[in-house]
Amino acid sequence: MNSTSIKPVSERRLRNTTSFKQSLQNSLTMAYRGLLKIKRTPEQLFDVTLQPILFTLMFTYIFGGAISGDVKSYLPVIIPGILVQTVITTSIVTGVQLREDMDKGVFDRFKSLPIARIAPLSGALLADTIRYTIATVLTFTMGYIMGYRPDGGFGYVVLAGLLVIVCAWAISWIFAFFGVIARTASSVQGISMIVLFPLTFLSNAFVPANTMPNWLQWFVKINPISHLVTAVRNLANSGTIGWDFSISLIGAAVIVVIFAPITVRAYMRRT
Amino acid sequence: MSNEQRTVSEEWAVEAQGLVKTFGNNRAVDGVSLNVRAGSIYGVLGPNGAGKTTTIRMLATLLKPDAGSARIFGHDVVKEAQIVRQIIGVTGQYASVDEALSATENLVIFSRLLGLSRSEARQKAAELLEEFGLTEAAKRPLKNFSGGMRRRLDLAASLIAQPPLIFLDEPTTGLDPRTRNQMWDTIRRLVKTGSTVLLTTQYLQEADELADRIAVIDRGQVVAEGTVDELKTSVGNSSLQLRIQEAQDIARARQTIERVLEVQSAVSAEGGIITAPMADADRVTDLLIALRDAGIPLAELSVQKPTLDEVFLTITGHGVEDEVKGDSEKVKEAAQ
């Protein structure tokens, strides 16, 4: 509305498609929006800050003596377990927040803008890796304070952290899918917890599998969460990259390959 | 895209043919056709739940029509949706901005999404905030914004790409008179720079102030279309309201009114009040004399500026549907 007048339609360069480069740029801008929102409402980080601190303290002191004889020798078992459990639980929030976000008026504007349709989705998922990073750093820090000295060394601990973050990002596509198809945010939370609770607890995250009945061991051994936990233990405690590491990454890739397209399609249908 | 396609006529900003949208059993939009000339302000007037918002959402590519077609500057809203999005701005009824962020952050993000560089985006945001008198509140989170400020920011966000066509869905609903007048001025300035504006409103006065042409929508259909003057003539500039002392005289009084004023009259729901459009004030004298001659005593006489009610009464033969039903339909619309 400044003195310059509006450019007529015939003089505009108009394209009916979105390039890959534009999709990427739009996603990064949407991720930036996600980061700003976290900055503006830091209280939404309560879960990722408190959960690792609380769970690490609780589980270690409750189970430590019973499972490993003493707290100190339980730490190499429990810290990777807590890490995986906390970070993956955090990925539920992605779906919940996506649902809340999509109900807001601002999504109408995103829909009316000439941007890549996938951007609001991929941007949100990308921004959430910051949450996983916070949870990861805090869990390892808590472990360190309580006396955990991973034998793998700093480099392998970082690698273990990255592995968990990548896997959590992959899993967040599942919850993003629930987020897109569900009617309310609380139902997303509900469905996700039902899926995640058995997965994290029926694993080797807290308790060695060989103490469980046979039929349960069978499930625990095929549970992808167990493989991820084992991969993290191998990396952090002995600096080795084994078969579990590969299985975790393959599993993450499979999840993305399946859920990213169906999530985007469901999202497109709603927009 | 080929040059051939790019030279499509620019005369029409909007050409909609028989748009239909059904939500469950509710035919929210039932064959709406609209033509909006480029460079004009077009008003879509109707009560809550008439299908205004749904129509706009279809034109703005937010909803797919179940039937019918629409073109924006010659581009089909379904087949060329991404092109249409490059030439429109949409300001919804509910502020479509991010509550958690500040005004500047909102505008910067929208600018970046529209392809502006970081510095261009900052500059654009500052420019728009200045223009809309929001500079002082630029850094505050929107939670603390008044309704008027939010609307202004919303409109500012729609203008980043300087779109040739702007959709405004009830831009002044819920604003106080002063803020409303500011919004009207802004809309007028917009059109001066060459934009086309399609706005919806529930208020005849607003359509009267702003629009070059008006379409009246009721129950998902266009029931009248024309310039403001044409519409007003059909309604009568004002309406005459007469309260008759004796209820049994009402029928006779209506006959007298219809004979003298040569218009349709209606009796209000509460009974006792006859409403008739007053096309020519001079004739009221004749009417009063005729009523006295007929021996019909009046309890009260008043003249009222036309309201949406009268427009509806005149055009559709029924009044505005009761608000409660209208509201629930609006909620349904919004939920889709």
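Any value given below was found using the heavy atoms of this structure, including those in side chains, with hydrogens, waters and symmetry copies removed.
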Legend entry - Any side-chain heavy-atom pair of Lys111(A) and Thr61(B) under 4.5 Å: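 Answer no - side chains too far apart.
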Legend entry - Leu113(A) vs Arg85(B) side-chain heavy atoms within contact, under 4.5 Å: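 Side-chain contact under 4.5 Å: no.
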Legend entry - Choice from Val84(B), Thr91(B), Val97(B) maximising heavy atom contacts with chain A below 4.5 Å: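 If we count pairs closer than 4.5 Å to chain A, Val97(B) comes out on top.
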Legend entry - Spatial distance of atom CZ (Arg12(A)) from atom CD (Gln162(B)) [nearest 0.5 Å]: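 So the CZ of Arg12(A) and the CD of Gln162(B) are separated by 7.5 Å.
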Inset, instruction - Measure the OG-CZ distance between Ser96(B) and Phe107(A) for me, rounded to the nearest 0.5 Å. - result: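 Here the rounded value is 12.5 Å.
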Inset, instruction - Could you tell me whether the side chains of Gln82(B) and Thr18(A) share a donor-acceptor contact shorter than 3.5 Å? - result: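 Gln82(B) vs Thr18(A): donor-acceptor pair found between side chains.
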Inset, instruction - With a 4.5 Å heavy-atom cut-off (strictly below), which parts of residues 124-136 of chain A touch chain B? List them by number. - result: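 Residues of residues 124-136 of chain A touching chain B at under 4.5 Å: none.
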Inset, instruction - Residue by residue, scan residues 31-39 of chain A and write down, ordered by number, those that have a heavy-atom distance under 4.5 Å to chain B; if none do, write 'none'. - result: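 Listed by number: Tyr32(A), Arg33(A), Leu36(A), Lys37(A).
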Inset, instruction - Identify whether the distance between the nearest side-chain nitrogen and carboxylate oxygen of Lys104(A) and Asp98(B) falls below 4.0 Å. - result: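 No, this pair does not count.
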More than 12 non-hydrogen atoms from neighbouring residues, nucleotides or ligands closer than 6.0 Å to [atom1] on [X], yes or no?
X         : atom1 : value
Glu43(A)  : CD    : yes
Gln44(A)  : CD    : yes
Arg40(A)  : CZ    : yes
Phe197(A) : CZ    : no

Inset, instruction - Identify, with sequence neighbours excluded, every residue that meets side-chain contact (heavy atoms from CB on, under 4.5 Å) alongside Lys21(A). - result: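 With sequence neighbours excluded, Lys21(A) shows a side-chain contact (heavy atoms from CB on, under 4.5 Å) to Ser19(A), Gln25(A), given in chain and number order.
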Inset, instruction - Could you walk me through whether His75(B) and Asn16(A) pass the side-chain contact (heavy atoms from CB on, under 4.5 Å) test, one step at a time? - result: CA-CA 10 Å; His75(B) 297 286; Asn16(A) 201 26; over 6 Å; no
Legend entry - Closest non-hydrogen atom pair between Gln86(B) and Pro114(A), with its separation: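 Shortest heavy-atom separation between Gln86(B) and Pro114(A) comes out as CG-CB, 3.3 Å.
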Inset, instruction - Return the minimal non-hydrogen interatomic distance between Arg57(B) and Asp108(A), and the atom names on each side. - result: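 Smallest interatomic distance, heavy atoms only, reads NH1-OD2, 2.8 Å.
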Legend entry - Contacting region of Ser112(A) [heavy-atom separation from chain B under 4.5 Å]: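 When you check distances to chain B, atoms from both the backbone and side chain of Ser112(A) fall under 4.5 Å.
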Legend entry - Contact listing (chain A partner; residues 101-115 of chain B; heavy atom under 4.5 Å):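 Answer by number: Leu101(B), Ser102(B), Glu105(B), Ile109(B), Phe110(B), Arg112(B), Leu113(B), Leu114(B).
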Legend entry - Side chain, backbone, both or neither of Ala157(B) within contact of chain A (heavy atoms, under 4.5 Å):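 When you check distances to chain A, atoms from both the backbone and side chain of Ala157(B) fall under 4.5 Å.
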